[in-house]
Amino acid sequence: MNIKEKIERLKNEKNAVILAHNYQVSEVQKIADFLGDSLDLSRIAQDTNARIIVFAGVRFMAETAKILSPEKKVLLTRKLAGCPMANMITPHQLKRWKNKYPDAKVVSYVNTTARIKAESYICCTSANAIKIVNSVDAQRIIFVPDRNLANWVSRYTTKEIIPIDGYCYVHERFRKEDALRTRERFPDAAIIVHPECKKEVIDLADEVFSTGGMVKFARKTDKKVIFVGTEEGLIARLKRENPGKEFYSLGPPRMCRGMKMTRIEDVLHSLEKEIYEIKIPDDIMERAGSALERMLKV
Ligand code: 13P
Ligand code: SF4
């Protein structure tokens with residue numbers, strides 16, 4: 001029996017489902033039951049009837065799945081697969097910001113720890129950040145922890161955004177010079193970027209999307225050549241799904257270490273041994289759950 005067949009057999013025996021983020025390596029993307037962005041995957045985690053969720057992604061995503069589906073066993077395929085941005089603010093620091101602006105409400109990007117979500121009014125993802133901020137009944141928003149997403153959202157709201165100074169080391173590596181050169185050399189191509197990119201790169205893009213938004217754009221657009229400012233795993237998916245179009249990284253391909261830790265063998269190992277189980281204290285689960293549920297209602 002080959003590795004894919006073993007995964008398939010175990011999945012059926014154990015009533016498990018495999019969720020993978022768009023940045024996973026191709027072989028993992030291909031064996032996933034659901035492949036998507038943070039928002040898609042959190043919705044699926046909430047709705048699935050499976051007993052076990054195997055998450056091929058980074059820790060905050062598996063934690064989100066657990067918080068939304070507390071009765072399920074949620075497994076992260078690699079114990080140390082993390083997102084450095086999620087650790088750029090501590091609950092203690094966030095409490096200090098809340099004390100400084102008592103009239104503000106906290107909107108936290110899902111790329112945060114469960115403890116930060118528990119201190120937040122509502123969560124958002126890159127797919128719904130503008131809608132979420134505009135839905136909040138407060139004029140002042142403490143936006144945690146991505147400064148670039150905060151800056152992008154601030155263009156589409158009249159609310160005062162107080163950004164926390166976190167960032168994604170992968171997306172901040174996309175450069176203005178590469179965007180300018182691409183425009184010059186390929187005037188007919190489309191440039192699409194993730195809102196975690198720096199403002200100077202966003203300013204040169206045609207469109208700004210979550211990874212799920214990029215998947216939809218790639219299907220619909222008449223453009224034949226598309227330059228993409230996000231982690232290279234998504235580009236593999238775009239190429240696979242749109243054979244008539246060409247996709248390139250906007251400048252050198254950028255990789256997320258945490259996302260690239262999982263191999264197909266890790267998915268099998270995770271299913272076999274039922275590791276690495278996500279555990280979150282009950283009180284944190286409850287408070288973080290309110291912030292996430294509020295987001296899903298919007
Ligand atoms: P998406 O929700 O757009 O997939 O983004 C997740 C992420 O970690 C971006 O770096
Ligand atoms: Fe975190 Fe950036 Fe990796 Fe996304 S790409 S998981 S924000 S480090």
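Index from 1, following the sequence. One-based numbering, in listed order, for ligands and for the atoms of each. A quick note: this is a predicted structure, and the numbers were derived from the prediction, not measured.
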Taking NZ, NE, NH1 and NH2 as the nitrogens, is one of them in Glu293 or Lys297 under 4.0 Å from a carboxylate oxygen of the other? no

Can you name the residues that form a ring pair (Phe, Tyr, Trp, His ring centres under 6.0 Å) with Phe209, not counting sequence neighbours? Phe217

Under the criterion salt bridge (charged side-chain N to carboxylate O under 4.0 Å, His left out), which of Arg155, Arg183, Lys176 is the partner of Asp203? Arg155

Check this for me: does any side-chain nitrogen of one of Glu63 and Arg115 sit under 4.0 Å from a carboxylate oxygen of the other? no

Looking at every heavy atom in both Ala205 and Val193, which two are closest together, and how far apart are they? CB-CG2, 3.6 Å

Dump the pairs for me: ligand 1 N or O, protein N or O, distance under 3.5 Å, to 0.1 Å.
{"residue": "ligand 1", "atom": "2 (O)", "partner": "Ser38", "partner atom": "N", "Å": "3.1"}
{"residue": "ligand 1", "atom": "2 (O)", "partner": "Ser38", "partner atom": "OG", "Å": "2.7"}
{"residue": "ligand 1", "atom": "3 (O)", "partner": "Ser126", "partner atom": "OG", "Å": "2.8"}
{"residue": "ligand 1", "atom": "3 (O)", "partner": "His194", "partner atom": "NE2", "Å": "2.8"}
{"residue": "ligand 1", "atom": "3 (O)", "partner": "Thr211", "partner atom": "N", "Å": "2.9"}
{"residue": "ligand 1", "atom": "4 (O)", "partner": "His21", "partner atom": "NE2", "Å": "2.6"}
{"residue": "ligand 1", "atom": "4 (O)", "partner": "Thr211", "partner atom": "OG1", "Å": "2.6"}
{"residue": "ligand 1", "atom": "5 (O)", "partner": "His194", "partner atom": "NE2", "Å": "3.3"}
{"residue": "ligand 1", "atom": "8 (O)", "partner": "Asn111", "partner atom": "ND2", "Å": "3.3"}
{"residue": "ligand 1", "atom": "10 (O)", "partner": "Tyr23", "partner atom": "OH", "Å": "3.4"}
{"residue": "ligand 1", "atom": "10 (O)", "partner": "Glu196", "partner atom": "OE1", "Å": "2.9"}
{"residue": "ligand 1", "atom": "10 (O)", "partner": "Glu196", "partner atom": "OE2", "Å": "3.3"}

Distance below 2.8 Å from atom 1 (Fe) of ligand 2: protein N/O/S atoms: Cys83 SG

Looking at Lys11 and Asp33, is there a salt bridge between them, counting it only when a charged N and a carboxylate O are closer than 4.0 Å? yes

Between Lys14 and Glu274, does the salt bridge (Lys or Arg N to Asp or Glu O under 4.0 Å) criterion hold? Intermediate values first, please. CA-CA 10 Å; Lys14 298 193 177 203; Glu274 301 196 9; 3.0 Å; yes

Pairing residues for Phe227 by the ring pair (Phe, Tyr, Trp, His ring centres under 6.0 Å) criterion, not counting sequence neighbours: Phe186, Tyr248

Qualifying residue, where the test is side-chain contact (heavy atoms from CB on, under 4.5 Å) with Ile141 and the options are Val133, Ile162, Val153, Val106: Val133

